[in-house]
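Labels below follow one simple rule: chain letters A, B, ... track the order of the sequence lines, proteins then strands, and each chain is numbered from 1.
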Amino acid sequence: MPELLANLNPEQHAAVTLPNEPALILAGAGSGKTRVLITRIAWLIQHGLASPATVLAVTFTNKAAREMMGRLSALLPIDTRGMWIGTFHGLCNRMLRAHHRDAGLPATFQILDTADQLSAIKRLMKGLNVDDEKYPPKNLQYFINNAKEQGLRPQHVDATDSFNLKFVELYQAYEQQCQREGVVDFPELLLRCYELLAHNPPLRAHYQARFKHILVDEFQDTNKLQYAWLKLLAGESNAIFAVGDDDQSIYAFRGANVGNMRDFEHEFKVRHLIKLEQNYRSHGHILDAANQLIANNSRRLGKNLRTDAGHGEPVRVYEAATDSQEAGWIVEEIKALISTGLARGEVAVLYRSNAQSRTIEHTLVNAGIAYRVYGGLRFFERQEVKHALAYLRLIDNPNDDTAFARVVNFPARGIGARSLEQLADSARLYNCSMAAAIPYVTGKAGSSLGSFANLIAKMRAETQQMSLPETVEYVVRASGLAEFYQGEREGQDRLENLQELVNAATAFLSEEGYGLDTPARSIPLRPGATSAPEIAALPDDAASVVLDPAGIAGPAQNPDTMTPLAGFLSHASLEAGDNQAQAGQDAVQLMTVHAAKGLEFTAVFITGLEEGLFPHENSALEQDGLEEERRLMYVAITRAKERLYLSFAQSRLLHGQTRYNIRSRFFDELPQETLKWLTPKVEAGARWGGRSDNAGWGRDWFARPDRQAGGYAGGAAVEQAPLPAFANTQRAAETGFKIGQAVFHTKFGEGTVTALEGSGADARAQVKFKRHGEKWLALAVAKLQAVE
DNA sequence: GCTAAACGGGTTTTT
DNA sequence: CCCGTTTAGC
């Protein structure tokens with residue numbers, strides 16, 4: 001249909017309508033990459049070149065997968081459920097569920113998230129009496145995950161020194177532990193799925209015959225294992241349509257291998273490398289800045305963004321004396337932007353590391369500007385939610401020792417460390433799970449453990465016919481979790497989250513196409529089917545299972561292959577949910593540069609542009625480290641549509657110490673004619689000998705009164721230390737609050753006033769919140785209620 | 001078995 | 001400085 005291709009530029013058009021052969025689309029920032037990917041799928045289907053069942057599209061995040069799914073169904077009248085669209089992990093999970101026997105996994109295998117994995121490793125090391133000072137569990141975790149991402153099992157790892165030999169030995173033990181418990185960690189999902197396809201030719205042939213069209217988003221972020229998995233699926237004849245941008249590769253630290261782009265180009269003999277260089281996001285000066293900066297990198301595939309928009313405004317640069325003054329300036333500038341009618345949500349403040357958000361948040365709170373910080377705890381990572389999930393996991397898979405250890409004594413049941421050590425010993429002796437070892441423990445410990453075993457058994461029996469939400473609700477109650485948090489002073493939020501978990505279960509059923517009344521632990525009988533398509537029930541020797549080509553379809557957590565409970569538990573591990581920051585409200589966006597990738601804002605502040613911070617000092621230690629920092633800066637710059645601000649501070653409080661940094665080298669790599677210095681530009685050589693760690697020099701400079709006072713008064717004023725106590729008492733009447741007063745805030749909950757400052761419209765209160773720590777609130781803005 | 005103090009570590013992060 | 005985790009002590 002012509003309308004599908006309408007408004008595509010020639011390069012986009014060419015990419016969308018490529019013949020079915022390996023293609024690499026080098027898509028610059030803001031060049032319509034996602035649109036091309038989605039239109040490509042729609043075009044293939046519309047022209048009868050592909051049926052939905054032959055399409056596999058893979059992304060890195062659930063958010064990206066959801067967006068793709070959503071935009072695709074808006075574009076096409078067909079049901080997108082026939083397609084496999086999801087994350088690498090989601091798709092691998094789905095395949096492993098369908099073929100769990102061939103993969104050597106129990107039907108109810110559970111997924112360990114990063115935190116679960118670490119606790120499993122700690123437990124393993126404790127059991128083996130390994131010195132965790134000499135072999136830090138975190139390092140072992142990294143070692144294991146890294147090996148898996150290279151496709152290496154313990155026997156393949158090349159280790160010579162005693163240290164690495166120990167790690168290999170522990171890796172092996174860890175694998176055995178996981179296998180016995182029926183759990184897989186994140187990289188295992190991929191490796192297991194890779195091996196499943198690699199070692200099972202009929203199965204591989206089946207999927208190769210099915211997925212004629214494989215599309216990959218953010219290809220520059222793939223690691224070696226993901227690339228190998230894609231190659232396996234593609235086989236000899238299927239086309240991979242890879243979209244990516246080597247200049248936006250910012251995840252090397254977690255295994256991403258930009259080299260996959262070059263390898264792909266060569267190994268698949270890509271004839272069509274299409275560059276999308278037309279940018280639809282940023283004004284000219286901003287793009288010029290991005291282009292010139294990134295030109296400093298070597299080994300690029302080569303790309304230069306262009307725009308039809310005019311030059312637009314210059315890039316504004318601000319030098320602050322201190323980090324708090326920098327924050328003060330940012331907030332003043334944001335106020336000005338808002339007063340021109342710009343929505344708060346169109347303003348982003350970016351920083352290199354999370355620690356930098358504190359000062360900015362503090363200043364925003366004082367100014368009464370709504371903001372949202374990205375990052376932090378997410379829904380399924382909360383302790384109460386994880387506890388409830390652990391009970392659910394135990395019902396489904398009693399061998400899951402990670403879940404067992406988590407809740408065996410929570411709420412407290414008088415089962416202490418001593419009893420658990422005894423139990424772990426028995427489990428090791430009989431080579432079984434902790435739950436299975438309970439009968440071997442005698443005495444008082446044995447009896448309390450016995451009643452825990454009975455509790456789980458009872459839960460399992462009682463929930464046999466319950467739907468998923470009923471099961472969750474039942475477990476929250478029967479476990480004692482509800483009662484426990486009811487009795488806790490600060491348990492209200494946690495209780496609400498547990499209720500939210502029940503809601504999440506209901507939402508899950510409808511989103512994933514499960515019947516609402518399906519028992520949580522049975523594979524639903526599809527309409528018209530004569531028997532449940534329980535692939536789990538295939539004969540043991542079903543090593544050569546070949547599925548109907550129309551085969552397994554449906555959403556990520558597939559009702560045909562997963563019980564609602566298994567699906568929900570996978571969902572909880574694979575998609576940790578939103579972080580707590582209140583969404584929806586119009587608020588200034590605060591995030592790291594990494595978190596900003598893929599987003600765009602009318603106005604962007606890139607802050608803390610100092611040597612050591614951005615580029616980060618540790619980047620100097622790594623091969624290609626500085627280039628990755630530069631790509632990160634490139635990503636940051638290209639987030640801005642119309643206004644870009646760059647700022648740095650002469651001194652900054654970090655880890656309790658004042659550091660004196662020189663401005664980032666990136667300033668020298670930008671086209672000077674696009675920059676507008678709001679503070680006088682001081683040539684580096686005029687001020688600094690060279691290195692930044694010359695504290696004495698910095699202090700002298702900082703102490704110069706003409707500098708310290710300069711710029712915005714607001715910055716200094718909001719950050720000054722609270723007035724002495726006597727002054728606060730004097731002013732107390734004017735604010736309507738007293739120190740020590742109990743208060744309630746709609747967002748932060750209960751707290752106590754610890755200090756007061758100012759009066760009238762400027763009145764501020766410092767409140768120590770039970771759940772959110774100490775904050776300064778502008779009383780004119782914050783909805784603070786007195787509690788008697 | 002639970003609470004308080006000492007301790008350690010702090011770049012970026014999704015699954 | 002600030003946090004989460006471990007350990008010491010009741």
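- Across the protein-nucleic acid pair, A:F410 atom CZ and B:dG1 atom P stand 15 Å apart, rounded to whole Å.
- To the nearest 0.5 Å, atoms CD (A:Q226) and CZ (A:F219) are separated by 10.0 Å.
- Residue whose closest nucleotide on DNA chain B sits further toward the 5' end, between A:R413 and A:E575: A:R413.
- Residue-level contact check: A:A576 touches neither bases nor backbone, having no heavy atom under 4.0 Å from any strand.
- Atom CG in A:L225 sits roughly 13 Å away from atom C1' in B:dT15 (whole-Å rounding).
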Fill in the blank from the handout: In 5'-to-3' order, the base (B), backbone-only (S) or no-contact (-) status of each nucleotide in nucleotides 4-14 of chain B, using a 4.0 angstrom heavy-atom cut-off, is ------BBBBB
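- In this structure, the CD atom of A:E149 is 14 Å from the P atom of B:dT15, given to the nearest Å.
- In this structure, A:Q650 contributes its side chain and A:N661 its backbone to no donor-acceptor pair below 3.5 Å.
- Between the side chains of A:Q117 and A:N145, at least one donor-acceptor pair of N or O atoms lies under 3.5 Å.
- For A:R631 and A:E628, the salt-bridge test passes: some basic side-chain N is under 4.0 Å from an acidic carboxylate O.
- Regarding contacts with the backbone of C:dC3, a side-chain N or O of A:R358 is found under 4.0 angstrom from either OP1 or OP2.
- Base pairing analysis places B:dT13 opposite nothing; no Watson-Crick or G-U wobble pair with both distances below 3.5 Å involves it.
- Separating the CD atom of A:E218 from the P atom of B:dT15 is a distance of 12 Å, rounded to the nearest angstrom.
- The pair A:E381-A:R378 meets the salt-bridge criterion, with a side-chain N (NZ, NE, NH1 or NH2) lying under 4.0 Å from an Asp/Glu carboxylate O.
- As rounded to whole Å, 15 Å separates atom P of C:dC1 from atom NE2 of A:H362.
- Under the 30°/60° scheme for interplanar angles, the aromatic rings of A:Y171 and A:F143 are found to stand perpendicular.
- The nearest whole Å value for the distance from the NZ atom in A:K122 to the P atom in C:dG4 is 13 Å.
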